[in-house]
Each structure stands twice: as structure tokens, then as C-alpha cells.
Number of protein chains: 2
Amino acid sequence: MAVRDPAMTDVARLAGVSHQTVSRVLNGHPNVREQTRLRVQAAIAELGYRPNRAARALVTGRSQVIGVVAQNTTLYGPASLLAALEQTAAESGFAVSVGSVRDLDHRSISAVVERHLAHRVAGIVVIAPVESAGEALERLPKDVPLVTVDGDPHRPMPLVTVDQAAGARAATQHLLDAGHRTVWHVSGPSDWFDSAGRIEGWREALTSAGAEIPPLVPADWSAAAGYRCGQMLARMPDVTAVFTANDHLALGVLRALHEHGRRVPDDISVVGFDDVPEAAYFIPPLTTVRPDFGAVARASLEMLLTQIESVSGGALRETIAPTLVARRSVAPPPRR
Amino acid sequence: MAVRDPAMTDVARLAGVSHQTVSRVLNGHPNVREQTRLRVQAAIAELGYRPNRAARALVTGRSQVIGVVAQNTTLYGPASLLAALEQTAAESGFAVSVGSVRDLDHRSISAVVERHLAHRVAGIVVIAPVESAGEALERLPKDVPLVTVDGDPHRPMPLVTVDQAAGARAATQHLLDAGHRTVWHVSGPSDWFDSAGRIEGWREALTSAGAEIPPLVPADWSAAAGYRCGQMLARMPDVTAVFTANDHLALGVLRALHEHGRRVPDDISVVGFDDVPEAAYFIPPLTTVRPDFGAVARASLEMLLTQIESVSGGALRETIAPTLVARRSVAPPPRR
DNA sequence: AGACCGGGTGTGACCGCTAACAGGAGGCCC
DNA sequence: GGGCCTCCTGTTAGCGGTCACACCCGGTCT
């Protein structure tokens, strides 16, 4: 019914050249006479010709697609990263195919990676913030370019990561600088490297300041968990400063403190992590740590592209430093 | 260096059959002897054979990929929709390729669609909530399956949409039922259909209740805008009920009201839209309207698949009703 | 017994592109 | 003027699948 899409030969016929010349024009090959190039381009425009990437992928063995393996792309962090990745990839002429994964276990990850490999993607970016992902990754074919984001720092794979520890250190130090004797930490899920890094940074800052290290308050990433932890924290009169592993956790904490009549920042100071766009509108505006997702995306892609283009070279590890964003949720501790 | 990936012929040779038989096994063709099927499957497993989708796409003319055109996938709504879409597509054996667009103008959209067409995607889902997108879409090749989500209700294209008006009506009615004389509305950007639908629903509810219709308070989707509008609203003693076009707007309003000493819900009631996961932890917990992104994704995909599989049939329009989630940000108006 | 049928399998063409090579035209050298 | 190098262009062979078709074989029908 529908007429066949025009192919290279159709363009070639119309321009009075061979299909190979059309191919050369399309790929920017140098040795084409200017006049010929123009004729070909005219023919392309006239026919509305659109190169068939599938055919190209077949013969070259690689499609111009980057496969992403991610989990819960609804969360602000992953979503931002994904968007930045897509943006950056597009600039280099790559499309992005997402493969979300419910659980980051071995089976699920392998399944998604398999799907990407079946499409002969040019490379894979794994946003694999948990332990179990690493195991899955080791078993993967070695010949496909791969970059992990926020993955296991102790595994020998190309890795781009936000410097969680540095961010946490900055947050903790900021609180310490305000005069607090110590800082409590509501952490993310224990199997995420992000959590581990933030915990580590928090501990380091306390240790090097000679401050006492309070027990860790474990949570997940949700405001609900933050609320629960906040209720507990609110009942402890000693607590004057809290650093939460992300902004939503902080939101929950803020609400719990509010309900218990503990004022922020007058009675208790709070610092979050992520700088979600609405953090500036919490009550009070939240001091937080902002990771640069754009930089992470650029670094990942660059790392992937060097792997794709050549066999060797390129850094295998890149760390992006986040910045502290000071707002009104931090103040000196109350005097007693 | 790296050995060529095994192809169908390799499997065929090992299993002692022809490549065509391997193909039949792979595609679940009925007429294959059980014993042969097993031999082939064993060979596939032994070689770690993985069908090449690019080759398949080339010969069939369509790849098993669905292209998505979206904007700002960082926002909660689009991100959730995208995730749900990906999930649903995977269940039907489709991969999802995202194409984000900075602006939803004609050129940007066409560019992304072109990219998808070059990959010979099986279908396209356009999350195109603004006017200018519709224009771009009309100029598209007619022979590629396409579904728009939250698009222009007045354009004759397959459309799946959240029933914005119904949600807004429910929100407004809920406020009216609590005893408020009227309800103010802080709306989303004027070029989004989502905004238009919510405004419409809000107006309808007021009209049919015989309530006065206050002037519209226009904003965008951000907490920052909500804050600005909230400051204005806070100064108007008559305002007792506000319905905002999304939860982040509500967050900004909440904060502004708080700063002006106007209590929620005692002095003013607020209702949002989206039910972001953290809405339950706003101060106070936010009453809001929850769209069912999963249902939208399922409907879109189903609509797309019927177009892909056959020429005719299937609904061209599907509307998903959202539900009101009552929390603590609504109360009767203060008595004076 | 021969025609017919249908399940199971193989053969060859082709999808649209790129890579490798072949070759013609023109300029420059000796 | 022949050899040679440089530009430009065409020819041919696949890449790894699917599709249309031919074929073989045993059973059933006439």
C-alpha cells in the first residue's frame, strides 16, 4: 500500500551517480566533487530521503545508539541524569535507549543488557548504584564499551561518579562551622554506594573535627522514611544538627520537627543532598548539596566515546565534585 | 581481534539444520519438529547466540523500538510517564528510545521525530502537552503509528490523556464542599493543554456551584512561581481556598502563606495536582489529585500496538480519570 | 495406483547500507 | 610520451536476518 521509503539507490538514480557516491556525501567523505555533492543533496531533499540506520547498523556491526540501564527513573537524581545523558548523546549524534530495571539484581540487569546487546548498541551506561549490579556487570561480554555511573568504586570498571564523600563532608563541615558540637546523619539505603559515600564523608568530617560520632540513622530515599526518623530525632533534645542523605528525606524530617514544635533552624539545623528544584521552597529553604548531573553525563559520554572510537586511552575514572548550596535551614545551635 | 558474534548460520551449522529452521525456532513458528527445536535451542545456548535486531529491522522495515518524544523529563509527571511507558513496552518486547526536546516548537520536534524515523521505529509516542507540538505533528508522515499523550484534544490524532478537567473539578468541588464560597486557581503555563484542562475543570465546578469566579493566577510549573503567587494571595484576606495546577506550585504557595502567618488549612485551604511522592510530607500534608501514569502508559501502548499490528480498529481516544487524594491541607473556611 | 494434502525442512533472493577495490581522468615528472 | 600519483567515481561483495517458494515424505482420498 504505502510506497517504499526512498533508499540510497533512488537518490543515486535521481542524482545520476552511484549509490556509493551518495553514501560518501552522507558520511562527509572528502573526495567528492562539490558539484556532485550538491546534486546529491538536492536529490536527497527532493525525495525526502532518510538514511536507514538499521541497514547501517547491520553492516557496521554497531548502531548509533547508547543503551542505558537504570533503576527507578522517577527519582529526581536518576531522572536528571537520564535527561542530561540523552541531551549530551544527541549532540554527538547518538540516540539513547533506556532500560529500566525494577530490581538491581543480577538477573534483571543481565536481561536488560542482553536486550541492548541484541540491538547492537554502541555502548552501555549503567546507572548502577548498588552492590548487586556490580556482580552482574562482571559477567558481561568484555568487548562492549561500558561505563558505570555512581557504581562500585572498588571494582575495576570505567566509572563516573559524583563525589559523594566530598559533598557529605562539605555538608557536615558547614554544620560544624555553624557551631554545632556534632551532626546526626539520616542515611540512604545501605546497599547504595551513594549512601555509603555520603556516610563516609560525614564520618570523615566529624572525625577530623574531633567531634563525637552519633549513631547512624538508617532510612531509604523517601520523605516517609525521613518523617519517621525525624520523629525520633525530634524527641532527642541533644540533637541540634542533621544531615540527610537527600532532600526528600530532609522534607520528611522538617515536617516531623515542625510537628514536634522544634524550629528549624533555631532549634535544629538541617542539610540535605541533591538540590531538587523545590528545595528552595521548603519550610525553611533547605541548605543542600548540588551534584552536577550535566557534568556527570558529559564525563560518562566522553568516556564511552573514547572506548567506542579506539581501543585504548582515556581516563577510566572520573569524579565530579558537588557544591554546597547554603540556604536558611542552618543556623548556630541554640544556647542553653 | 574480537571474534565475530555468532550468527544464525553458525547456530544452524552446529545444530545441523538450515538457517531458516533456526529462524523458525526463534520466532516460535509452529511447524518445527520438537526434537529439532531442542537441538537448535541447545546450539543457541552453547554459542551464546543473540539475534541481531538490526538485521531483522532491515528486512522487516521496522525495528522493535518505540520512539518517545518528550520534554523536560526531569519533571515528575513526564518522568513517571516515561518510566511507565518503558516498563509497559518492555513487557511487549519493545525497547524505548527517548528523544528529549528543549523546546516544543515545530523544528525541535520534527528533528527528534526524524531521528526516530531514521531508526525505523515501530511507532512514536509524543508527550506533547503544548500547542506548537500539534502543528509539528500534522506535517508528519502519515504511515508511522503515532500516539500523542496529553496533547491537543481538538486535533484529530490518536490521543491518550489524563482527564485534567475531571481532576480539577474534583479538587475544586472538594474545596467547595468544605464550605468555601469560592476557589482561586494558580495555573500552569498557558500553552500547556494540561493547564487549559485544569483551568476548564476549575471553572466548570465553580460555575455549576454558582460560585463567583475569581481572576486566574497564571504561573508555570515551578515552586518558585508558586511562591510568588502565594505571596500575593497571602495578602488578600478574602482568599480561603486555592487550587494549584501542580504540587510544586502548591509547595511554593504553602511556604508563602506560612511566611505571612496564614495557617493552612485553618486560614486557607490548598489543593495540588500530581501527587508527587513527597506531597504527603509537605507542611501540612497536601490534598491533591493523582493521575494514573501506569494506566496512561498502558493505554498509549495498546493504542500504538493496534496501529502497528493492523491497519484498522482500536479506539483513537482514551481518557484516564485521576483520583482525589484527601489529606490535611483542606478544612472549612475560617468563621469571621 | 495416482492425485492430493500438509507438516517439516532447505534454497535463494533480497532488505539498504558500507568497505574494499578497481578504474578513468587529469597533472606532473623525467 | 610513458609512468605515476592524486582525485573522483563506480562495481562488487557481503552484513544477518526474513520471505516466498520448492521440495520431500508419509498418509488419505478417489
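Because the structure is a prediction, the values reported are computed rather than measured. Chain naming here is simple, since letters A, B, ... match the order of the sequence lines and numbering starts at 1 in each.
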Residues in side chain to side chain contact (heavy atoms under 4.5 Å, CB included) contact with B:Leu81, at least two apart in sequence or another chain:
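Once residues adjacent in sequence are excluded, the partners of B:Leu81 under the side chain to side chain contact (heavy atoms under 4.5 Å, CB included) criterion are B:Ile127, B:Val149, B:Phe293, B:Val296.
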
Would you give the length of the straight line joining atom CD of B:Glu302 to atom OG of B:Ser92, rounded to the nearest 0.5 angstrom?
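B:Glu302 atom CD to B:Ser92 atom OG measures 9.5 Å (nearest 0.5 Å).
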
Where the side chain of A:Asn27 meets the backbone of A:His29, is there a donor-acceptor pair that is under 3.5 Å apart?
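Pair absent, no side-chain N/O of A:Asn27 close to backbone of A:His29.
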
With a strict under 4.0 Å distance from non-hydrogen atoms of chain A, what nucleotide opens and what nucleotide closes the contacted stretch of DNA chain C, reading 5' to 3'?
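Taking any atom under 4.0 Å from a heavy atom of chain A, the span is C:dG16 to C:dA20.
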
Contact summary for B:Thr73 and B:Pro78, nearest pair of heavy atoms
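Looking at all heavy atoms of both residues, the shortest contact is CA-CB, 4.1 Å.
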
With a 4.0 angstrom cut-off to heavy atoms of chain B, pull out the first and last contacting nucleotide of DNA chain D, in 5'-to-3' order.
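Span of nucleotides near chain B: D:dG16 to D:dA20.
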
Contacts under 3.5 angstrom, residues 33-45 of chain B side chains, donor-acceptor by atom type, not counting sequence neighbours:
| residue | atom | partner | partner atom | Å |
| --- | --- | --- | --- | --- |
| B:Arg39 | NE | B:Ala15 | O | 2.9 |
| B:Arg39 | NH2 | B:Ala15 | O | 3.4 |

Any side-chain heavy atom of A:Thr161 within less than 4.5 Å of one from A:Glu318?
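Of all side-chain heavy-atom pairs linking A:Glu318 with A:Thr161, none is under 4.5 Å.
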
With nearest nucleotides of DNA chain D determined for A:Val17 and B:Thr9 from heavy-atom distances, which residue corresponds to the more 5′ nucleotide?
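Counting from the 5' end, the first nearest nucleotide belongs to A:Val17.
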
Sequence neighbours excluded, which residues qualify as salt bridge (Lys or Arg N to Asp or Glu O under 4.0 Å) partners of [X]?
| X | result |
| --- | --- |
| A:Asp150 | none |
| B:Glu46 | none |
| B:Asp10 | B:Arg4, B:Arg13 |

Provide the full list of salt bridge (Lys or Arg N to Asp or Glu O under 4.0 Å) pairs with a residue in residues 151-160 of chain A, sequence neighbours left out, each pair given once.
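Counting only pairs at least two positions apart or across chains, the salt bridge (Lys or Arg N to Asp or Glu O under 4.0 Å) contacts touching residues 151-160 of chain A are A:Glu131-A:Arg155, A:Glu138-A:Arg155, A:Asp152-A:Arg155.
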
If you take any heavy atom closer than 4.0 Å to DNA chain D, which residues from residues 51-59 of chain B end up in contact?
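The stretch gives B:Pro51, B:Asn52, B:Ala55, B:Arg56, B:Leu58, B:Val59 as the residues lying under 4.0 Å from the strand, ordered by number.
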
Below 4.0 angstrom, which residues in residues 26-43 of chain A have at least one non-hydrogen atom near DNA chain D?
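Only A:Asn31, A:Val32, A:Arg33, A:Thr36 qualify.
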
Give the table of side-chain donor-acceptor pairs shorter than 3.5 Å for residues 114-125 of chain B, with sequence neighbours excluded, one pair per line with atom names and distance.
| residue | atom | partner | partner atom | Å |
| --- | --- | --- | --- | --- |
| B:Glu114 | OE1 | A:Arg50 | NE | 3.1 |
| B:Glu114 | OE2 | A:Arg50 | NH2 | 3.4 |
| B:Arg115 | NH2 | A:Glu86 | OE2 | 3.3 |
| B:His116 | NE2 | B:Ser97 | O | 3.3 |
| B:Arg120 | NH1 | B:Leu117 | O | 2.9 |
| B:Arg120 | NH2 | A:Arg50 | O | 3.2 |

End axis versus end axis in the helix from C:dA1-D:dT30 to C:dC30-D:dG1, the angle rounded to 10°, five pairs used at each terminus:
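What I find for the helix from C:dA1-D:dT30 to C:dC30-D:dG1 is an axis angle of 50°.
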
